[in-house]
Amino acid sequence: MMEGMNTRILRTGFDVILCLFILVQLTCAQPGFVSIASCAESSFKDNNGIKYTSDNGIFQTDSTKWQCHDAFRAALNDTTYGKVRVFYIHSEKICYKLPTTPDSDYLIRGTFLSSDSVRTSVSSFDVLIGVTPIDAVNSSKEVEVVEGIFRATEQNIDFCLAYDKGDPYISQLELRPLNNSKYFQGNATTVLHLIARIDVGNNGADIRYPVDEFDRIWTSPDPETLPPSASVLSTPLYIPDRPVPSQVLQTALYHPDRLEFQHNDLDTQEYNYVVFLYFYELNASVQKGQRVFDIYINNEIKLDRFDILANGSKYIEVPLNVAATGSLNLTLARLRNVSDFGPILNAYEILQVKTWVQGTNQRDVEVINNVADELLEHNKEIKMSKLWFGDPCLPTSWEGLTCNNINGSSVISKLDLSANNLVGAISASIPQLPYLNELNLSNNDLTSYIPSFPASSMLKIVDLRNNDLQGSLPDSLLQLPQLATLYYGCNLHLSSELPSSFNRSGVTTDSGACDDFQESQSSKHGIVIGTAASGSVLFTVAVGIVVVHIYRRRFRAKRNNNGKRFSTTNVVFSVTSKDDLVVKSITIQMFTLEYIESATQKYKILIGEGGFGSVYRGKLHDGQEVAVKVRSSTSTQGTREFENELNLLSAFRHENLVPLLGYCSENDQQILVYPFMSNGSLQDRLYGQAAKRKILDWPTRLSIALGAARGLAYLHTFAGRCVIHRDVKSSNILLDHSMNARVADFGFSKYAPQEGDSGASLEVRGTAGYMDPEYYSTQRLSAKSDVFSFGVVLLEIVSGREPLNVQRPRNEWSLVEWAKPFIRESRIDEIVDLNIKGGYHVEAMWRVVEVALACIEPFSAYRPCMADIVRELEDALIIENNASEYMKSIDSIGGYSLGGSNRFSIALDKKIPLSPPAPTPPEPSPINTQVLAPPEPR
């Protein structure tokens, strides 16, 4: 049981936090307070008497992923905690789960102190309450405090840091119950983000707990912003506590004519705000009707002839609603010839109103959390579930999950845990996911029996291949009403016989046989055992490189001899999921024009222009950021291209293709909606506008190339019929927040000609510099046209040059024609981008260059297919990564430096000759696959 508890701590830390919080509540005079100090060595009380506990119990398991640093001391005062926890994990989000009581109001506050490490990485990230983003933190500020007020709907709330760039970090986290709160005025479907909480008559230290029982922090105003001739009124008399503490109400700012307060730090987009004004009449001689003034916000009158004493009480609080952009001006002006005294104000709060974003279906949340707990009981080191923080679907789904929107609620529709080295039994909670359509647990080491499935299950596709499951297929699985595909092959202890009662012709199943999987499986275990026994990084590098080539030759020989391709797994290969071969039903949302205009704030933020039209940045009502492509009236791409992209992207999904979220076709408007790719395009990063340009190191470039190749390979091997992109170029390879490559823009894409088709395409499509010369001259379209274009992209990645630039010398106009002679003369160092010189392994670079040269062969028959290109790029990445680990080990063992860089370049004594093209089209690929000997150490 203790082991199971430890695994749950690894996943979310909820049990540890909850136990700590209960302890705090029992031992402190702060009922309901939750106070966390990141990286604290032990519990402590601050100068206000608040007891803080450490988060070390949650994050101590892997010190490399969440490290502790000292904050900039110059930014701190004696009462501010000075440690920072920095997260190097680069998950979609990091979350703290805090206990709450449903229907109760809470204040939650995060303090973010900058440090050397986060300023170096130029960190920025969003802060979320649940799945509602309330603010963004940037390391350029030495101290940031983010506070929100919300009404709890469940027994806990997530406080999340959503990754943008750099490394998220946090110093303190505080949760405070707000008893009998009036903040929501009957509307609890919002979150209030604090902009300012000012005790206007205070010119001393901030006021907080214990003076304010809710630990709100009341700050004094900036003296330079106060109106001239303003004075402070105060009273030593005790004022009974109202929603505002007595000490705050004991002072007020007074002016004989006009009080004005200016805030210029509001969001540049228009938001709704609520302004709470707090008044207490401190002058006992003032009577009703003697202090009358108007209240303006941004020069708009909100209350006229306002009198504090109008209702017979000295105290009154006034909530005002206003929409504002960028700044907010609060003005209190005396009514001359009516009022004897000028306006006063004791305190005010400005709160930005954020719409509460509904989280994932609660049933799905409970079940997937149970799944994670059950997985971790036997798989403590599983990477995937360690990154499962917060809401499983929003703002982005957990790794391995795909979510859909059903009736306005996010649900889990796909669970893919394939190739994760999982052991133990299949989680019994998985069948309880009510909206699960696809389940992929293939290529693991799962044992025991397959659990039963409820008759209500919506599963359509189940893949259990290549495990060690026992028993037989349960009737409850075979009888699922929507089951269409069931793969269970290569489970040696699982009966492959289907019951005679199973006669559903519409269900696709495999035979249950392993084919050649046993051979690859034994090779895999041999490699793992040998590597572990050696204990040497050098041995790992050598074995990795040699086995890649030996196995690759054996694999290709089998393919050539048997005329078929085998599905295999190996430690040095990634396996394409069977999902790639199944046509799936994908839901594309239809948006109204009104919704699109709301999401884009009437097309406020332009982020790009293309042949189809303009692209705008927006945000859906669930908080997801999107790119909205709007066809212009002068677009060269018409309705055909719009419908083409809509139809194609409704048929397939892949992690390396930009998915279509929705569309709008209303009032002659044609609009496509995609997820926003925060890192722009590959073109932007290589040589785009200076503001968008960013130096990409060689491993990142290689990873991007591989991702794009996988996306194109998926298109070319799409179930039923090959899809040809027809406009492959670096500007159509987009990069998400994790720098994963996603191929975009399918307006020109076409299905490949089939037997009986003429093969001619009257409209040759493509972009100058990338266009296949054979396709251009013959107008005959094939998948090899995409291959040529991709070869140009590879040259861009290697050289950092544009494919066509007439501003260069004449012999350098065309990237392809300029690069070819250097490659054929083995002078690749002369074409490599200066930004990555000394940062790559030569053998890995040569593999990429050889692939590029094969891709740009003038005749398509000599070019490889995308599947072969993927394998060669996988090899290159393996070599690059293994060599990097080897050099790091040499550096750490030998004690000498590689010039301060963790990347390197090794020159070969002999240049690698390129095989000339054969006189007839090679079979099956022209890529030079000779085994390269590892270079001798220099």
Side-chain angles (χ1 to χ4, degrees), residues 126 128 130-134 162 187 189-191 193 267-273 321 323-325 352-361 391 393-397 402-411 413 435 585-610 612-633 635 637 639 641-650 653 658-678 734 744-747:
D126 290 330
L128 293 80
V131 296
T132 304
I134 62 166
N187 179 15
T189 60
T190 60
V191 176
H193 168 220
D267 200 293
T268 55
Q269 299 181 31
E270 185 178 79
Y271 277 97
N272 291 324
Y273 295 83
N321 296 302
T325 304
Q352 185 183 49
V353 180
K354 301 272 191 174
T355 301
W356 177 266
V357 179
Q358 183 63 42
T360 299
N361 176 280
D391 189 283
C393 294
L394 299 171
T396 54
S397 57
T402 300
C403 300
N404 280 340
N405 189 291
I406 295 180
N407 298 326
S409 178
S410 294
V411 299
S413 59
Y435 300 96
S585 175
I586 297 172
T587 302
I588 305 294
Q589 297 187 63
M590 183 174 69
F591 297 114
T592 64
L593 188 58
E594 181 183 10
Y595 185 96
I596 294 291
E597 290 177 345
S598 171
T600 59
Q601 296 187 329
K602 295 189 176 179
Y603 314 111
K604 182 176 181 180
I605 304 175
L606 178 68
I607 59 175
E609 297 274 1
F612 184 84
S614 301
V615 184
Y616 300 90
R617 186 171 178 175
K619 184 177 288 188
L620 302 183
H621 291 175
D622 64 4
Q624 181 174 5
E625 287 196 296
V626 291
V628 178
K629 189 158 65 170
V630 182
R631 185 189 171 217
S632 69
S633 57
S635 171
Q637 301 177 29
T639 300
E641 284 74 16
F642 170 80
E643 294 177 348
N644 189 55
E645 184 142 2
L646 181 59
N647 291 334
L648 283 175
L649 290 180
S650 299
R653 284 281 165 95
V658 174
L660 180 65
L661 298 179
Y663 71 98
C664 173
S665 184
E666 184 180 327
N667 296 344
D668 296 325
Q669 285 273 30
Q670 293 177 328
I671 300 172
L672 299 168
V673 181
Y674 309 87
F676 176 66
M677 297 290 128
S678 59
L734 304 185
D745 202 341
F746 301 90

Can you see which heavy atom on [X] is nearest to which on [Y], and at what distance?
X: I588; Y: L649; result: CD1-O, 3.9 Å
X: L593; Y: C664; result: N-SG, 3.6 Å
X: L648; Y: F746; result: CD1-O, 4.1 Å
X: L128; Y: A162; result: CD1-CB, 3.4 Å

Are the side chains of [X] and [Y] in touch, meaning some heavy atoms are under 4.5 Å apart?
X: S397; Y: T402; answer: no
X: Q589; Y: V673; answer: no
X: K354; Y: Y271; answer: yes
X: H621; Y: S598; answer: yes

If you round to the nearest 0.5 Å, how far is [atom2] of [Y] from [atom1] of [X]?
X: N361; Y: S409; atom1: CG; atom2: OG; value: 4.5 Å
X: I406; Y: S413; atom1: CD1; atom2: OG; value: 7.5 Å
X: Q669; Y: E666; atom1: CD; atom2: CD; value: 9.0 Å
X: Q601; Y: T325; atom1: CD; atom2: OG1; value: 8.0 Å
X: R631; Y: L672; atom1: CZ; atom2: CG; value: 11.0 Å
X: I671; Y: K629; atom1: CD1; atom2: NZ; value: 12.5 Å

Between the main-chain N or O of [Y] and the side-chain N or O of [X], is there a donor-acceptor pair closer than 3.5 Å?
X: D391; Y: T360; result: yes
X: T132; Y: W356; result: no
X: H193; Y: I134; result: yes
X: S665; Y: Q670; result: no
X: Y616; Y: V630; result: no
X: R653; Y: L660; result: yes

Distance-only polar pair, side chains of E645 and Y674, donor-acceptor under 3.5 Å: yes
E597 atom CD: more than 12 heavy-atom contacts under 6.0 Å: yes
Parallel, tilted or perpendicular: ring planes of Y663 versus F642, cut at 30 and 60 degrees: perpendicular
